[in-house]
Amino acid sequence: MCTKRETVPATNGLSGGHFESKLSDSKIDYNSFFTPVAKARIPNYLKIMGDKMLSIQGRAYKFSTGSPNPECFPYEELTVKLKTGVTFQIKGQQLNQSLNYMQSSGYQPLLDLLKSYQDLFHGDQDWEKKDLSTTSGSLGGLHQLLEICVAPGDPVLVQSPLYTGVISVLHPLNVEFIEVESGAGGICTQRLANTLHERRKRNLPMPKVFYLNPVGSNPTGEIISVEKKREIYKLACEYNLLIFEDDAYFFLTFNSEFPRSFLSMDTENRVVRFDTISKTIGAGLRTGYVTAPKEIIAKLDLVKGSSNYCTPFGQVVVYETLKSMGLDGFMSHVNFIQNFYYEHLKIVIKCLDKYFSDVATWNIPGAGLFVWLTIKNVDHISDGFINKCLKELVFVVPGFSFYGKNRLSPNLRLCFSLLEKDEIEEGMEILARLVKEEIVEQMNNKYKTKYGILPK
């Protein structure tokens, strides 16, 4: 059963002295991590001129850039009201900026604020060697940086089961998925060490990137312990890996303190961290941000300059929201979110105990929005079963969709974020009935295959 959770204090994660990371003098050749396509990219000259123009304050003769004139936009002023009653206006020059093109790295006031938050939650960062850039959600940054660092056919280390968004990015590249199994106890670091050792011993191509979703992992909900993170980081240094730390659920923990991040222990400047405001401020604002070595951010901004980047309007709204909240207000809001989802989780766990105890196993997640259910006495959960669920308006995701390599899976991912409390038990009861019917059907099929007849 779910244990009682204490309210998270507003100072959660803000105490000093527990971050050990100070960058060493070790020099990494970041160019070696880039694909031939990434290396061949050239700057967008129009973007260069546009960024130079944006840096000029006051009078200038702006013949270079095809940006529309803000006088032609229909907006005079936008007012936003927070649930706390606080309001702010976006108008004048700030409104003009939010409705027009922006420098590739993002809205400078937001970049500065996010850097201060990274220092606060992950220890003081060396911004002479690191940088930060906004992206279209964390997935937008992941998509761009995976394609910057991973060429077709490359081996890639991934936490398994794996977030489907990453599979969608990597699958067309026909990469070699090196899956590092992860469960209730987290990643087996000894197995990881053995895998890397064997590949080097056999002179196989070595991965350059290790993708991890360490807090409230999608789909399992697990948290990788700080001890395992240190072991993983040590292996990353030994085998010259970049750690792609996708931490979308960092603020959605159900414990009294935030977990330590890879970024907080990054002594060699090899962590590429992906954050997002999607789970805290608003997913539709499409504002994520990447913290990484300057060389990697420069390459990311080069790609963004000739493709897409985070909406300027969304960035301005996020900045004004965080500024209006202040740190205490933001922490209070995070505390509300944590308790909101925890109350939903408690109901889900109660229903699992009630309806699934004889047909499935699960672990209580430490963070995030998901419960990973393993169904007993079935070989796999198929599309056919999912279709049966859909007919009864029960929406779940089959486990096989969370693996880079094709495999059968007896798992289901249950998300508890969108259901009303009174919908949870009703939906879980229907799902339990369908699961039990599926178990009987698969067991009967096995019996028929073995004996040629159905059991009496």
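FYI, side chains are in, hydrogens and waters are out, and symmetry mates aren't considered; it's all heavy atoms of this structure.
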Glu320 and Gln94: CA distance, side-chain angles, deciding distance, side-chain hydrogen bond (donor to acceptor under 3.5 Å, both in side chains) verdict: CA-CA 10 Å; Glu320 288 296 332; Gln94 187 183 47; 2.7 Å; yes

Heavy-atom side-chain contact between Pro68 and Tyr101 under 4.5 Å: yes

Qualifying residue for side chain to side chain contact (heavy atoms under 4.5 Å, CB included) with Phe210, from Ile187, Ile178, Val158: Ile187

Ion pair check, Lys228 and Glu231, cut-off under 4.0 Å: no

Asp301 versus Ser105, side-chain donor and acceptor atoms under 3.5 Å: no

Which atom of Gln118 lies closest to which atom of Leu263, heavy atoms considered: NE2-CD2, 4.1 Å

Side chains of Ser217 and Glu222, donor plus acceptor under 3.5 Å: no

Shortest non-hydrogen contact from Pro214 toward Asp247: CG-OD1, 4.0 Å

Verdict with supporting geometry, Arg407 and Glu181, salt bridge (charged side-chain N to carboxylate O under 4.0 Å, His left out): CA-CA 13 Å; Arg407 70 160 75 178; Glu181 292 289 338; 2.9 Å; yes

Test log, rule side chain to side chain contact (heavy atoms under 4.5 Å, CB included), inputs Thr311 and Leu285: CA-CA 8 Å; Thr311 163; Leu285 292 168; over 6 Å; no

Residue pair Ser182 / Pro161: nearest heavy atoms and the distance that separates them: O-CD, 3.8 Å

Cation over ring face, Arg230 and Tyr233, 6.0 Å, 45°: no

Pair Phe400-Ile381, side chain to side chain contact (heavy atoms under 4.5 Å, CB included): steps then yes or no: CA-CA 8 Å; Phe400 68 76; Ile381 295 297; 5.6 Å; no

Plane angle bin for Phe251 and Phe330 - parallel if under 30°, tilted between 30 and 60°, otherwise perpendicular: perpendicular

Stacked cation flag Lys279 on Tyr249, 6.0 angstrom / 45 deg: yes

CG on Leu242 to NZ on Lys208, rounded to 0.5 Å: 8.5 Å

Ion pair Arg433/Glu437, N-O distance below 4.0 Å: yes

Asp112 and Gln108: CA distance, side-chain angles, deciding distance, side-chain hydrogen bond (donor to acceptor under 3.5 Å, both in side chains) verdict: CA-CA 6 Å; Asp112 294 339; Gln108 193 59 54; 2.9 Å; yes

CA sep, side-chain torsions, deciding dist, call: Leu352, Met428, side chain to side chain contact (heavy atoms under 4.5 Å, CB included): CA-CA 8 Å; Leu352 286 172; Met428 294 288 280; 3.4 Å; yes

Distance, nearest 0.5 Å, that separates CG of Leu110 from OH of Tyr289: 8.5 Å

Check: Ser332 side chain, Gly329 main-chain N or O, donor-acceptor pair, under 3.5 Å: no

Min side-chain heavy-atom separation Val272-Val290 under 4.5 Å: yes

Pair Ser409-His380, side-chain donor/acceptor within less than 3.5 Å: no

Aromatic ring proximity, centroids under 6.0 angstrom, His143 and Phe274: no

Residue pair Thr134 / Leu111: nearest heavy atoms and the distance that separates them: CG2-CD2, 3.8 Å

From CD1 (Ile347) to CG (Leu419), nearest 0.5 Å: 9.5 Å

Greater than 12 external heavy atoms within 6.0 Å of Lys91's NZ: no

Shortest non-hydrogen contact between Arg270 and Leu241, atoms and distance: NH1-O, 2.8 Å

Phe73, CZ: over 12 other non-hydrogen atoms inside 6.0 angstrom: yes

Greater than 12 external heavy atoms within 6.0 Å of Glu426's CD: no

For Leu434 against Glu392, the heavy-atom pair lying closest together: CD2-OE2, 3.7 Å

From His171 atom NE2 to Lys405 atom NZ, the distance as rounded to the nearest 0.5 Å: 13.0 Å

Candidate pair Phe370 and Ser417, rule side chain to side chain contact (heavy atoms under 4.5 Å, CB included), full reasoning: CA-CA 8 Å; Phe370 314 108; Ser417 60; over 6 Å; no

Side chains of Asn411 and Pro398 in contact at under 4.5 Å (non-hydrogen atoms): no

Sidechain-backbone polar pair: Asn387 side chain, Asp383 backbone, donor-acceptor under 3.5 Å: yes

Verdict with reasoning, Asp131 to Lys115, per salt bridge (charged side-chain N to carboxylate O under 4.0 Å, His left out): CA-CA 8 Å; Asp131 210 345; Lys115 284 181 179 180; 3.3 Å; yes

Gap between atom OH of Tyr403 and atom CD1 of Ile167 - 0.5 Å precision: 9.5 Å

Flag side-chain contact, heavy atom, 4.5 Å: Phe340 against Asn335: no

Asp266: which of Lys130, Lys229, Arg273 passes salt bridge (Lys or Arg N to Asp or Glu O under 4.0 Å): Lys130

Mutual orientation of the aromatic rings belonging to Tyr107 and Tyr319 [parallel < 30°, tilted 30-60°, perpendicular > 60°]: perpendicular

Residue Glu128 excluded, over 12 heavy atoms near CD under 6.0 Å: no

Qualifying residue for side chain to side chain contact (heavy atoms under 4.5 Å, CB included) with Gln159, from Val180, Asp246, Ile224: Ile224

Leu414 CG to Phe395 CZ distance, which is reported to the nearest 0.5 Å: 14.0 Å

Student check: side-chain heavy atoms of Lys294 and Lys129 closer than 4.5 Å: no

Expected output: side-chain Gln89 to main-chain Thr79 donor-acceptor under 3.5 Å: no

Test item: Ser136 and Lys304 side chains (from C-beta on) under 4.5 Å apart, heavy atoms: no

Pairwise side-chain contact, Thr253 with Phe258, heavy-atom cut-off 4.5 Å (strictly under): yes

Student check: side-chain heavy atoms of Val396 and Leu431 closer than 4.5 Å: yes

Phe356-Trp362 aromatic ring centre distance below 6.0 Å: no

Backbone of Leu162 reached by a side-chain donor or acceptor of Ser160 within 3.5 Å: no

Residues Lys350, Glu425; criterion salt bridge (charged side-chain N to carboxylate O under 4.0 Å, His left out); working and verdict: CA-CA 9 Å; Lys350 181 179 177 180; Glu425 178 151 4; 5.9 Å; no

